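Everything on this sheet refers to the single structure shown next.
Both backbone and side-chain heavy atoms feed into the values below; hydrogens, waters and symmetry mates do not. Since we're looking at a predicted model, the values are computed, not measured.
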Amino acid sequence: MKNQKKNQYQNFYVITGGPGVGKTSVIDELSQCGYSIAIEDARRIIREQIEIQGDGLPWRNKSLYAQLMLEASIETYQRINADLQSEKVFFDRGILDTLCYMNMEQIPIPSEVDKLISDYPYNRRAFILPPWEEIYKTDNERKQSWDEAIHTFDMMKQTYLHYGYEVIEVPKSSVEDRCKFILSQIQ
């Protein structure tokens with residue numbers, strides 16, 4: 001990848017999973033602890049599309065929404081890669097999450113997918129938060145059912161494994177304990 005600092009990606013950690021499993025809370029806590037983070041692009045895109053009455057919404061035009069997510073994920077990666085020296089960064093979802101979504105929704109995946117994955121690598125240890133019904137809820141931006149949330153978790157795990165990542169399941173516990181667990185796995 002152009003301008004990629006040697007092995008910088010080894011400090012790029014993805015936190016993934018289905019919807020409503022506490023990823024954003026964990027990311028926020030890691031930020032409070034002084035770590036650099038990359039917030040999820042999906043919710044920002046949904047808010048922007050609602051505001052402009054656009055079609056790039058998962059319940060309106062899934063293909064456009066997926067394209068917007070892929071572009072935003074790549075831009076986020078590039079921005080963070082250009083700005084950082086050698087500190088750890090935690091991503092609330094990664095580029096593979098968008099590819100998983102495209103696969104789940106039967107949206108054609110770009111032919112250059114393998115190049116994308118090699119051009120924008122993350123640390124090979126990906127953290128996945130499992131479905132947790134007690135904390136799951138829907139809202140104006142998250143409309144997936146509980147069954148869809150479980151299916152998304154399964155597909156995310158399969159996607160990361162397929163592309164050679166070691167998927168580490170984060171236990172269901174307090175936000176603080178989840179952060180401690182993640183940090184213990186990368187020290």
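The environment of CD1 in Ile107 is crowded: more than 12 heavy-atom neighbours from other residues, nucleotides or ligands sit within 6.0 Å. Environment of CD in Glu112: crowded, with over 12 heavy atoms of neighbouring residues, nucleotides or ligands closer than 6.0 Å.
Taken to the nearest 0.5 Å, the CD1 atom of Ile27 stands 8.5 Å off from the SG atom of Cys179. Note that the CD atom of Gln78 and the OG atom of Ser73 stand 11.0 Å from one another [nearest 0.5 Å]. To the nearest 0.5 Å, atoms CZ (Arg125) and CD1 (Ile168) are separated by 3.5 Å. Here the CD-CG distance, from Glu48 to Leu57, works out to 11.0 Å after rounding to the nearest 0.5 Å. Rounding to the nearest 0.5 Å places CG of Asp28 at 11.0 Å from SG of Cys33. Rounded to the nearest 0.5 angstrom, Lys23 NZ and Ile128 CD1 are separated by 9.0 Å.
Between Met102 and Ala66 the shortest heavy-atom distance is CG-CB, 3.6 Å. Closest heavy-atom contact between Gly17 and Thr152: O-CG2, 4.4 Å.
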Would you sort out whether Thr76 and Tyr120 count as a side-chain contact (heavy atoms from CB on, under 4.5 Å), showing the intermediate values? CA-CA 11 Å; Thr76 297; Tyr120 303 102; over 6 Å; no
Under the side-chain contact (heavy atoms from CB on, under 4.5 Å) rule, what do Asn11 and Val89 come out as? Steps first, then yes or no, please. CA-CA 6 Å; Asn11 289 321; Val89 181; 5.9 Å; no
Between Glu169 and Lys157, does the side-chain contact (heavy atoms from CB on, under 4.5 Å) criterion hold? Intermediate values first, please. CA-CA 9 Å; Glu169 192 167 319; Lys157 188 171 186 176; 3.8 Å; yes
Run the salt bridge (charged side-chain N to carboxylate O under 4.0 Å, His left out) test on Asp41 and Arg44 for me, step by step, so that the C-alpha distance in whole Å, both residues' side-chain angles and the decisive distance to 0.1 Å come before the verdict. CA-CA 5 Å; Asp41 293 304; Arg44 177 187 53 79; 3.4 Å; yes
Does the side-chain contact (heavy atoms from CB on, under 4.5 Å) test come out yes or no for Asp92 and Thr24, once each step is laid out? CA-CA 7 Å; Asp92 188 344; Thr24 302; 3.0 Å; yes
Check against side chain to side chain donor-acceptor pair (under 3.5 Å), Tyr160 and Asp97: CA-CA 8 Å; Tyr160 277 86; Asp97 289 61; 2.4 Å; yes
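Under the 4.5 Å side-chain contact rule for hydrophobic residues, Ile52 and Leu68 do not share a cluster.
At distances below 3.5 Å, at least one donor-acceptor pair connects side-chain atoms of Lys172 with backbone N or O atoms of Pro131. No side-chain donor-acceptor contact under 3.5 Å links Glu40 to the backbone of Arg93. Arg178 contributes a side-chain N or O that, together with a main-chain N or O of Pro171, makes up a donor-acceptor pair within less than 3.5 Å.
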Donor-acceptor pairs under 3.5 Å, side chain of residues 180-187 to any protein atom, not counting sequence neighbours: which ones?
unit_1, atom_1, unit_2, atom_2, d
Ser184, OG, Phe181, O, 2.7
Gln187, NE2, Leu183, O, 3.3

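Exactly one of Tyr163, Phe91, Phe90 qualifies for a ring pair (Phe, Tyr, Trp, His ring centres under 6.0 Å) with Tyr122. That residue is Phe91.
Residues Met155 make up the rest of the hydrophobic cluster containing Met104, defined by ILVMFWY side-chain heavy atoms closer than 4.5 Å, directly or through other members.
Proximity of His162 to Gln158: side-chain heavy atoms (C-beta onward) are nowhere separated by under 4.5 Å. Residues Pro19 and Glu148 are not in side-chain contact: their nearest non-hydrogen atoms beyond the backbone lie 4.5 Å or more apart. With contacts defined as side-chain heavy-atom distances shorter than 4.5 Å, the pair Leu70/Leu116 qualifies. Side-chain contact between Ile95 and Ile117: absent, with no pair of heavy atoms (C-beta onward) separated by less than 4.5 Å. In this structure the side chain of Tyr165 reaches within 4.5 angstrom of the side chain of Leu96, judged on heavy atoms. With contacts defined as side-chain heavy-atom distances shorter than 4.5 Å, the pair Cys100/Thr16 does not qualify.
Separation of the Tyr77 and Phe12 ring centroids falls under the 6.0 Å cut-off. Note: Tyr101 and Tyr65 meet the aromatic proximity criterion, with ring centroids under 6.0 Å apart.
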